[in-house]
Amino acid sequence: MSVKVEASAGGVPHNTVMIIGALIALVSLYIGIAGNYLLGIDWFAVFGGIAVIGALVWGNSTIKKLCSYGIGTGVPSAGMLAFGAGTAAFIAASAIFCGFAFGIWLVPILTLVLALILGLIFGWIANSVENMKIPVMTRSIAELSAVGAIALAGFALLATGGVDLLSISSAGFIGLDVGSSFLGAGIIAVGFMLGALALQHPFNACLGPGEKQDRTNMLALECGFLSMIVMAVISFVFVSPIAGWISLIVAVLGWIITYAKYVKLSKRDAAAWLDATPFEDKEE
């Protein structure tokens, strides 16, 4: 049995962060879906990025809870496993329901449910079959899988204006070309890496005796906006120029603000702050 070492003692409880993050993510996804499929306006694609950020805040808290049992070096493997399960859940949900009338409205919820089921299975295997025996392992892998699935759905909405993996580009592509979709064009692989790295980095960067919840969460927000910048640039191929610019401007402004606040919080928590300059290599 592993021994728990409390992280961010006295901060906002994990369940509260989980509920807030999940609500932000799901509500944002449905706002984006409503804008695209009901109003026919792809400007709402920006809410896909907000959904990603909500999911990452939830996932960051889950990572901290899991790593309280001393498996900090296991963050990358847990994150990649979770995003793999999330990818499978999102593809399955989109493939099953996007072909039916009003089925698109079921995609976010079904994605979440399928990801939780797959995560529970993988978490049980890791904890019971591989004998890791970490009390929160099964639940944490299930949560991280849900985070990965919702984040990918958010990236799909941000990049293409919808969560249908086989949707056609609105930038002028003609015909049912799978290459013009989030899945067929391989953008899902970019979303996988952006999301997985953004999920794993914040606590890895902030862990230790001086870890503070507000600083770690701010880094999670910064990573979310940074990943949003990349996907916003990609979105110009799939959505209207106005929608692409809205997403890009929001992402850049969000990144600048959160990065500045993260640096400020880092200075607050540091024992000392030295504005050092790089060493210059001088030839003999």
Side-chain angles (χ1 to χ4, degrees), residues 14-15 17-19 21-26 28-30 33 48 51-52 54-67 69 71 74-100 103-157 163-166 181-183 186-200 203 227:
H14 169 68
N15 288 342
V17 176
M18 176 184 68
I19 292 172
L23 284 176
I24 291 174
L26 288 174
S28 297
L29 283 176
Y30 276 109
I33 290 173
V52 172
L56 290 176
V57 170
W58 169 15
N60 174 61
S61 182
T62 304
I63 287 286
K64 290 198 300 181
K65 190 175 181 66
L66 179 60
C67 291
Y69 288 84
I71 58 168
V75 172
S77 58
M80 289 298 182
L81 173 66
F83 256 81
T87 301
F90 178 42
I91 292 175
S94 183
I96 291 172
F97 280 103
C98 280
F100 296 93
I104 196 70
W105 298 97
L106 297 176
V107 172
I109 294 298
L110 183 62
T111 295
L112 179 63
V113 172
L114 289 178
L116 288 172
I117 293 173
L118 286 175
L120 286 172
I121 294 173
F122 290 145
W124 176 81
I125 292 174
N127 216 33
S128 301
V129 178
E130 296 184 358
N131 252 355
M132 297 190 74
K133 295 183 178 179
I134 296 170
V136 298
M137 173 63 80
T138 303
R139 172 181 170 175
S140 295
I141 295 299
E143 287 186 24
L144 292 174
S145 298
V147 167
I150 294 175
L152 283 172
F155 278 134
L157 178 62
V163 292
D164 183 350
L165 292 182
L166 300 179
S181 71
F182 185 72
L183 177 62
I187 309 303
I188 192 171
V190 180
F192 180 99
M193 293 307 301
L194 288 175
L197 291 173
L199 172 64
Q200 298 160 22
F203 187 64
S227 64

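- A heavy-atom distance below 4.5 Å is found between the side chains of Pro108 and Ile33.
- For Ala151 against Phe83, the heavy-atom pair with the smallest separation is CB-CZ, 4.0 Å.
- With values rounded to the nearest 0.5 angstrom, Leu81 atom CG is found 6.0 Å from Ser145 atom OG.
- Using a distance-only test at 3.5 Å, with no hydrogens or angles considered, no donor-acceptor pair links the side chain of Thr111 to the main chain of Ile150.
- Considering CD1 of Ile121 and CG of Leu116, their distance stands at 11.5 Å, rounded to 0.5 Å.
- Remark: Ser227 OG to Leu56 CG distance equals 6.0 Å, nearest 0.5 Å.
- The distance from atom NZ of Lys65 to atom CG of Asn60, rounded to the nearest 0.5 Å, is 13.5 Å.
- With Ser28 contributing its side chain and Ile24 its backbone, the two residues share a donor-acceptor pair below 3.5 Å.
- A pairwise comparison of heavy atoms in Val17 and Ser61 identifies CG1-CB, 3.7 Å as the closest pair.
- Between Gly154 and Ala51, the closest heavy-atom pair is CA-CB, 4.3 Å.
- Shown here for Met137 and Gly123, the closest heavy-atom pair between the two residues is CG-O, 3.9 Å.
- Of all non-hydrogen atoms in Ala89 and Leu118, the two that sit nearest each other are N-CD1, 4.1 Å.
- Between Glu143 and His14 the shortest side-chain heavy-atom distance falls below 4.5 Å.
- Heavy atoms only, all atoms of each residue included: Ala146 and Leu112 are closest at CB-CD1, 3.5 Å.
- Using cut-offs of 30° and 60° for the angle between ring planes, the Tyr30 and Trp105 rings count as parallel.
- Take Ile188 and apply the side chain to side chain contact (heavy atoms under 4.5 Å, CB included) test, not counting sequence neighbours, and it matches Thr87, Ile91, Leu152, Phe182, Leu183.
- The line from CD1 of Ile141 to CD1 of Ile125 is 11.0 Å long, rounded to the nearest 0.5 Å.
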Under the side-chain contact (heavy atoms from CB on, under 4.5 Å) rule, what do Leu114 and Phe90 come out as? Steps first, then yes or no, please. CA-CA 8 Å; Leu114 289 178; Phe90 178 42; over 6 Å; no
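- Judged by distance alone, the side chain of Thr62 and the main-chain N or O of Trp58 form a donor-acceptor pair under 3.5 Å.
- Here Met80 contributes atom CE and Leu144 contributes atom CG; the two are 12.5 Å apart, rounded to the nearest 0.5 Å.
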